[in-house]
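Here the structure comes first, spelled out in C-alpha cells, and everything after it is commentary.
Just so you know, ligand 1 is whichever comes first in the structure, and atom 1 is the first atom listed for that ligand.
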Amino acid sequence: MAKKTLFTRRQTLFFWLSTFASLSLLTSKNAFNPRQIDPLSRKFVASGNMSIGKRALIKGLSYGAAVNKNSLSSNPQLAASIDKECVIIVPEWELKWDFLRPTSTSFDFRPADWLAEFARTHGLLFRGHTLVWHEALPTWFVKTINSHNARQLLLEHITTVVKHYAGNIHSWDVVNEAINLQDGRSDGLRKTPWLQFIGRDYIEIAFCIAAEADPKAMLVYNDYGLEYDTPEHEAKRKAVLNLLKNLKSKGTPIHALGIQSHLSGDETRFNSDKFQKFLSEIASLDLKILITEIDVKDKNLPVDIKVRDRIVAATYEDYLSVVLNEPAVIAVLTWGLSDRYTWLSEYQPRRDGARVRPLPLDANFKRKLAWNAIARAFDNAPQR
Ligand code: 9MR
C-alpha cells in the first residue's frame, strides 16, 4: 500500500519544486535552494562508491546501457564509464536493418561486430536489438518486399544475423513494437509490411526462425507504452498480454518480455498495484522480464538542474522499486549512459534549448542523482 502513494508524493514534490523554482526566479535569480524546500526530504543517498552494475549483480540482476559505435569509439571517457558501470551493452543502431543490410543480398556486420568485440574484451554481456521492426529499414526494403518474397526475406535475415552471434549473445529482441492500437485492428497488431505480406503469423514465425538459428539465445518481445495508468497504456498492456498468451499457447519459443520504459518526469499517472499485477501476469506465463530502454524525459520539467535532476531521480527510483519487486525481472538497461549521448536531445529537445538530462551520468560522465536513484533501487531490490 505504501508504494501506491509514491507517485502522488512525486507529484507533490514536482508541484512544490516547480512552484518554488518559478517563485525564486521571479524574486531573485540565485535565491533557489532546493534543500530548503524539499518537503519530502528525499536525499537519494546511495551508500558507498560501488558501480550500479555491481550493485545489480549482487542481487542477481544485470544492469547495462545502449551504446553506439560512433560515440563509444571516439570517446574514451564513455568507454571507461561503460566499462565501470555496466555488465551488459546493447547496440543502439548497429543491429537494425538500415545498418546491417546495405542491399537485399548483403550484410555488413562490421559496426555491430566492433561493439560485440568491445563487449568481449571488457567482459560485458551483449544483447541484440532488433530483428523485426517497422522502423530503421533501408530504402531498398519497401521497394523490394512483396507477398512472394517476404517469408524468405525474414528467414534469410534472422537466420544469418542470429547465427552470426550464436553463443555470444545474451538475448535478442526478436520482434519490436508489433502492437499499435491506433491502427484499429481488433488484435491490436500494427500495420507493418511484415503483417501485410506474411499475415499475423509473422511474429510466431520470427521467433521460430530465431530459435532454430540459436537454440540457446533468450528470445524477447519488446515494446513501449506499457507503464502508465492511462486508458492507452492499459489497453496496450492488455493487447501485449494477449499476444504473449497466444504465442505461449502455440508453444512459440519466446522467453521474455522487454518493457522499454521511456518514462516522463512530468507524468504522474502510475499505479504500482496495476503495474505489479501486469508484471506478475507476464511472469505467470513463464516469461522473464527485461527493462530494456529506460530513460526519463525532462522536456517539460523546470530548467533548474537541481529541480530537474531531483524529479528525474524520483521517477527512476519510484518506477524501479516497483518493477524490481517482481522476481521475473532479470535485467535493467538504460537507453544510453551519459546525457552527452541520448536520442532525446534530438527527438525530444527542450524548448528552452537547455541540454536534456535523462540518464544516470551527466554530459561530463559524472554521476547524477539519477545514478543514486538507480543504485538505491538495486540496493533495495529483493535477491533473485
Ligand atoms: O535511440 C535510437 C535513435 O538514435 C535512432 O535514430 C532510432 C531509429 O533507429 O532508434 C532509437 O532507438 C529506439 C529503439 O530502437 C526502439 N525503441 C525506441 C528507441 C528510441 O526511439
Side-chain angles (χ1 to χ4, degrees), residues 64-75 78 82 86 88-102 108 111-112 114-115 126-142 157-158 161 169-182 190 192-194 203 206 219-228 232-233 236-237 240 256-265 267 289-299 319 331-349 355-361 363:
V67 287
N68 59 64
K69 189 196 161 204
N70 283 1
S71 49
L72 199 58
S73 62
S74 62
N75 193 326
L78 175 64
I82 291 284
C86 297
I88 182 168
I89 56 169
V90 58
E92 184 180 11
W93 304 330
E94 291 79 355
L95 287 169
K96 294 172 180 172
W97 281 65
D98 57 353
F99 264 71
L100 274 180
R101 305 298 307 272
D108 181 0
W114 187 92
L115 289 171
F126 189 61
R127 76 178 304 267
H129 172 85
T130 172
L131 298 165
V132 181
W133 192 26
H134 62 284
E135 282 184 37
L137 293 166
T139 41
W140 63 258
F141 181 89
V142 194
H157 182 83
I158 297 180
V161 178
I169 202 90
H170 168 272
S171 52
W172 270 110
D173 288 339
V174 178
V175 178
N176 191 38
E177 305 175 2
I179 301 280
N180 186 32
L181 298 162
Q182 281 72 37
R190 184 189 293 274
T192 72
W194 299 116
I203 299 175
L219 304 182
V220 183
Y221 173 75
N222 193 47
D223 216 330
Y224 68 91
L226 297 165
E227 303 83 14
Y228 290 119
E232 296 77 22
H233 284 211
K236 189 141 178 185
R237 283 195 288 274
V240 165
L257 170 66
I259 302 178
Q260 293 186 8
S261 313
H262 294 290
L263 306 178
S264 294
E267 178 55 84
I289 298 165
L290 288 78
I291 303 302
T292 46
E293 306 184 12
I294 190 169
D295 50 17
V296 178
K297 296 171 202 165
D298 63 344
K299 188 179 193 288
Y319 180 73
V332 175
L333 288 98
T334 45
W335 203 240
L337 181 63
S338 151
D339 295 336
R340 184 176 290 250
Y341 304 108
T342 161
W343 69 294
L344 292 168
S345 53
E346 188 192 331
Y347 284 73
Q348 304 217 16
R355 189 195 276 275
V356 295
R357 299 174 65 84
L359 290 167
L361 306 185

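When each of Phe99, Trp172, Trp335 is tested with His129 by the rule ring-ring contact (aromatic ring centres under 6.0 Å, His included), just one qualifies, namely Trp335.
Of the inter-residue distances, the one linking His262 atom NE2 with Gln348 atom CD reads 10.0 Å to the nearest 0.5 angstrom.
Counting heavy atoms from C-beta on, the side chains of Cys86 and Ile82 come closer than 4.5 Å.
Every atom of ligand 1 is numbered from 1 in the order shown, and the set under 4.0 Å from a heavy atom of Glu92 is 1 (O), 2 (C), 3 (C), 4 (O). Within ligand 1, the atoms closer than 4.0 Å to a non-hydrogen atom of Trp343 are 1 (O), 20 (C), 21 (O), numbered from 1 in the order shown. Here is the list of ligand 1 atoms found below 4.0 Å of a heavy atom in Ala136: 9 (O). Annotation for ligand 1: atoms under 4.0 Å from non-hydrogen atoms of Glu177 are 16 (C), 17 (N), 18 (C). Taking a cut-off of under 4.0 Å to the non-hydrogen atoms of His262, the atoms of ligand 1 that pass are 18 (C), 19 (C).
Only the side chain of Gln260 comes within contact range of ligand 1, with a heavy atom under 4.0 Å; no backbone atom does. Residue-level proximity to ligand 1 for Asn176 is carried by the side chain, the only part with a heavy atom below 4.0 angstrom.
Using a 4.0 Å cutoff on heavy atoms, Trp93 counts as a contact of ligand 1.
Nearest residue to atom 12 (O) of ligand 1 from Tyr224, Trp335, Trp133, Tyr341 is Trp335 (criterion: closest heavy atom). Of all the listed residues (Glu135, Glu293, Lys96), Glu293 holds the heavy atom that lies closest to atom 19 (C) of ligand 1. Considering only non-hydrogen atoms, atom 15 (O) of ligand 1 lies nearest to His129 out of Gln348, Glu94, His129.
Aromatic ring pairs are classed by plane angle as parallel below 30°, tilted from 30° to 60° and perpendicular above 60°; the pair His157 and Trp97 is parallel.
Nearest heavy-atom pair, Asp98 versus Trp93, reported as atom, atom and distance to 0.1 Å: OD1-O, 4.5 Å.
Remark: Lys236 engages Asp223 in a salt bridge, criterion side-chain N to carboxylate O under 4.0 Å.
For the residue pair Glu135 / Asn176, no side-chain donor-acceptor distance below 3.5 Å is found, with atom types taken as modelled.
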